[in-house]
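Computed from a prediction, not measured in an experiment: that's the story for all the values here. Order of listing sets the numbers, starting from 1, for every ligand and every atom in it.
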Amino acid sequence: MRYSIFSLAREALRGHAGWRPAWRDAAPQPRYDAVIVGGGGHGLATAFYLAREHGLRRIAVLEKSWIGSGNAGRNTTIIRSNYLLAGNEAFYEWSMKLWEGLEQALDFNVMVSQRGVLNLFHSDAQRDGYARRGNAMRLHGVDAELLDVAAVRARHPCLDFANARFPIRGGLLQRRGGTARHDAVVWGYARGADGRGVDIVQNCEVTGIDIADGRVRGVRTTRGDIAAAKVALACAGNSSRVASLAGLRLPIESHVLQAFVSEGVKKLIDGVITFGAGHFYISQSDKGGLVFGGDIDGYNSYAQRGSLPVVEDVMQSGMAILPMLGRLRVLRQWGGIMDMSMDGSPIIDTTPIAGLYLNAGWCYGGFKATPASGWCFAHLIARDAPHPAAAAYRLDRFARGALLDERGAGAQPNLH
Ligand SMILES: Cc1cc2nc3c(=O)[nH]c(=O)nc-3n(C[C@H](O)[C@H](O)[C@H](O)COP(=O)(O)OP(=O)(O)OC[C@H]3O[C@@H](n4cnc5c(N)ncnc54)[C@H](O)[C@@H]3O)c2cc1C
């Protein structure tokens, strides 16, 4: 069923009785050509592009809970492509380009809003760092503007310029960055994949991976065994656990990241703002709530809830640039499990087991990567060769010492 102004008008006239479910609640079949484990944004996007770009027909996405119940439905919805290193920049810019056409590609309103992402800087050294990053972005054909303090003030008068502990000196702006509605991204990809024959199987946990003669044969699940010549893992925070079913040990730690939403207020923040003297990012939802977050909790956990010291840390960082935050009530708070890789960059690669593919290590930034991750992972699964935009995301780079260390923080997930 295509969504359009005409279908909307038709349904409005007949009491909205004709809308059909956006995807089927499929039962698992005994055999598929490709099985994708994980019904988050990445798994569903992979299925969509496998079917649309590579013509694969018998595909299943297996999700242990409901689709979007993981990080896809828990993130702070920021999209951007303001990366420094060549291995990252091309990939995230490709993702941004896919975001820019995603609503047309999916025939679904995923509410992409290019309201700008501004990284504040607070010292001369930080300004130089951001100038370098902005120059690198422009060299890759990506938009970037270095704003002085007057330009930041004109854009965001609500920030504390007069009396701040870390005075704002300016910012690096990517105007094409912004936000997208995370649930809608999941639903849009699910609908697009289902429309191309993909089975989306919910409440189906993968509990084992069958391997014989160094080749994957299928998966064992809570809803029966499924044979498949290709099994692709897109399990985000659970990557280590699921990969261990195949005997793989990943260079990934699982950590909690929290997010917060305040009560709704009139329009205050037009765009996304990040604090430069601590880890804090904030935007305003279309309903008026301020959406914000900060650091991971810093200890390994699979619990989807966070601890109070980080709540305090996030609030302190927020108040350092926006003292008015202290007058707002926080309405909601939650946590998600982040797959923190040892260099802060992701992995999209084959594994030592033939037919087993890995998509993991997204750290703080996997939501904005969703379209390109799905695109490149589908390419890898279909052709057994990495897509050029994701060529740097090899699993063996940790063994080779060829890290893609965007933050320059080394193997310390708490610093990425
Ligand atoms: C609080 C928070 C804020 C964030 N903010 C941003 C942001 O602003 N911008 C940004 O770019 N990124 C952000 N991220 C990161 C981003 O959300 C993730 O990197 C991205 O969503 C991960 O990919 P995914 O959507 O496929 O993951 P998920 O939605 O987590 O999908 C993985 C799925 O695998 C399923 N699964 C796990 N094990 C099994 C199994 N054994 N069998 C079957 N299914 C299984 C899970 O249930 C889950 O649904 C944030 C994350 C969090 C937690």
Subject >> Listed once per pair and sorted, the side-chain hydrogen bond (donor to acceptor under 3.5 Å, both in side chains) pairs that draw on residues 239-250, sequence neighbours left out >> reply: Asn238-Arg241
Original post:
Mind checking what residues have non-hydrogen atoms under 4.0 angstrom from ligand 1?
Top reply: Val37, Gly38, Gly39, Gly40, Gly41, His42, Leu62, Glu63, Lys64, Ser69, Gly70, Asn71, Ala72, Arg74, Asn75, Thr76, Thr77, Ile78, Cys204, Glu205, Val206, Ala234, Cys235, Ala236, Asn238, Val242, Leu257, Gln258, Ala259, Gly336, Met338, Trp362, Cys363, Tyr364, Gly365, Gly366, Phe367, Lys368
Original post:
Looking at Tyr32, is Arg58 sitting on its ring face, NZ or CZ under 6.0 Å from the six-membered ring centre and within 45 degrees of the normal?
Top reply: no
Original post:
Is there a side-chain contact between Val37 and Val61 (heavy atoms, below 4.5 Å)?
Top reply: no
Original post:
Ring centres of Trp99 and Phe367 under 6.0 Å apart?
Top reply: yes
Subject >> Test of ring centre spacing under 6.0 Å for Phe292 and Phe275 >> reply: no
Original post:
For Glu406 and Asn88, what are the C-alpha separation, side-chain angles and deciding distance, and is it a side-chain hydrogen bond (donor to acceptor under 3.5 Å, both in side chains)?
Top reply: CA-CA 8 Å; Glu406 180 83 23; Asn88 280 325; 2.8 Å; yes
